[in-house]
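Here the structure comes first, spelled out in structure tokens, and everything after it is commentary.
Chain letters run A, B, ... following the sequence lines, proteins first, then strands; residues in each count from 1.
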Number of protein chains: 2
Amino acid sequence: MALSAALTDRLAELQNRGFDTQDCPVRDVMDRVGDKWTALVILVLSIKTHRFSELHRGIPDISKRMLTQTLRELERDGLITRHVYPTKPPSVSYALSPLGQSVLVPLEGLIEWAQKSHAGIRRARERYDAADLAKAA
Amino acid sequence: MALSAALTDRLAELQNRGFDTQDCPVRDVMDRVGDKWTALVILVLSIKTHRFSELHRGIPDISKRMLTQTLRELERDGLITRHVYPTKPPSVSYALSPLGQSVLVPLEGLIEWAQKSHAGIRRARERYDAADLAKAA
DNA sequence: CGGGATCCTGCAAGATACTG
DNA sequence: CAGTATCTTGCAGGATCCCG
């Protein structure tokens, strides 16, 4: 359960340098994984290659704007590849690159933790809110 | 490299139900992990129990407001415990709970992926931006 | 079909000041 | 010391229209 020695070392080093939050590769990645749609798009693409409108249908409450933006950033980071078929009307497909495939492993770890821990978190919240309510009364 | 069968099943099921993004445990967790400070606070607390001002010094560019808020949510979710020593002036310490400890494992996985992949991502971005620039000219 | 361009809004989060 | 309260603002992200 303890962190690996390598990680604690990195952490200590980071802290010594004062957690330079600007130029931090971890922050860089976390920000992206944490944003509203990126992880979901990656997961959907992990099932199979999708066309733009397939993705849009598959993720109902994303706007075209946000879908485009998310796909662009993922493409820019090299996590997905984009292929345009010069038909008319045009058809564009998106697929995970090897790099994109590789993120599925840690991502799946987090998802499994989330599912495993969800019940406990909900209970903790109820307890906390109940105590909070009692205090307010 | 492929997703576990369990995950793909869950994904298929999620998609069939239309990705109910409101009541989604995964989304719930991802949103929190992804926000600006949560992961960092967890990591710092993984080193050792910290007092409020220690945390504040340890994470220079967080405001007291955001630190308090982040700690409250983590406490509410049962990931950290808060202990008040009735000295004066008061002293408050924060520590990871067992649940909080358990998230370190998937979190570390993501961090290691980030560090391992960072160079590749940077190269991909440079390539993308260069192509983008060329196209604009 | 697969976007881009624009406009608009809510809310996350910084700054500042106060308190038990 | 460890917070709260209030004010303010940047910008993520939705809605809408347009285009090749």
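Under the salt bridge (Lys or Arg N to Asp or Glu O under 4.0 Å) criterion, A:Asp129 pairs with B:Arg76, sequence neighbours left out. Partners of B:Asp28 by salt bridge (Lys or Arg N to Asp or Glu O under 4.0 Å), not counting sequence neighbours, listed by chain and number: A:Arg125. Taking the side chain to side chain donor-acceptor pair (under 3.5 Å) definition, one finds that B:Arg51 meets it with B:Ser91, sequence neighbours left out. When the side chain to side chain donor-acceptor pair (under 3.5 Å) test is applied to A:Ser117, the partners found at least two apart in sequence or on another chain are A:Trp113. For A:Val92, the side-chain contact (heavy atoms from CB on, under 4.5 Å) partners at least two apart in sequence or on another chain are A:Arg82, A:Val84, A:Tyr94. Residues satisfying the side-chain contact (heavy atoms from CB on, under 4.5 Å) test with A:Glu126, not counting sequence neighbours, are A:Arg122. Under the rule for a side chain to side chain donor-acceptor pair (under 3.5 Å), the partners of B:Thr38 that lie at least two apart in sequence or sit in another chain are B:Asp35. A search for ring-ring contact (aromatic ring centres under 6.0 Å, His included) contacts involving B:His56 returns nothing, not counting sequence neighbours.
Think of the region where chain A sits on DNA chain D: with heavy atoms and a 4.0 Å cut, that region ends 5' and 3' at D:dG13 to D:dG20.
Taking atom CD on B:Gln69 and atom P on C:dC11, their separation rounds to 14 Å, with Å as the unit. Atom P of nucleotide C:dA12 and atom CG of A:Asp35 are separated by 15 Å, given to the nearest angstrom. Look at CZ on A:Arg82: it is 10 Å from P on C:dG2, rounded to the nearest Å. In this structure, CG of A:Asp31 is placed 10 Å from P of C:dA13, rounded to the nearest angstrom. Straight-line distance from the CG atom of A:Leu67 to the P atom of C:dG2: 10 Å, rounded to whole Å.
Secondary-structure annotation of DNA chain C gives the stems C:1-20 with D:1-20, with a stem taken as at least 3 successive Watson-Crick or G-U pairs whose two distances both fall under 3.5 Å.
Both tests hold for A:Arg27 against B:Trp37: distance to the six-membered ring centre under 6.0 Å, angle to the ring axis within 45°.
Among the atoms of the strands shown, none is found under 4.0 Å from any heavy atom of A:Tyr85.
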B/S/- contact track for nucleotides 14-20 of chain C, protein heavy atom under 4.0 Å = BB----B
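Remark: A:Arg72 CZ is packed, more than 12 non-hydrogen atoms of other residues, nucleotides or ligands lying under 6.0 Å away.
Sorted by first and then second residue, the pairs that involve residues 39-50 of chain B and meet salt bridge (Lys or Arg N to Asp or Glu O under 4.0 Å), not counting sequence neighbours, are B:Lys48-B:Glu54.
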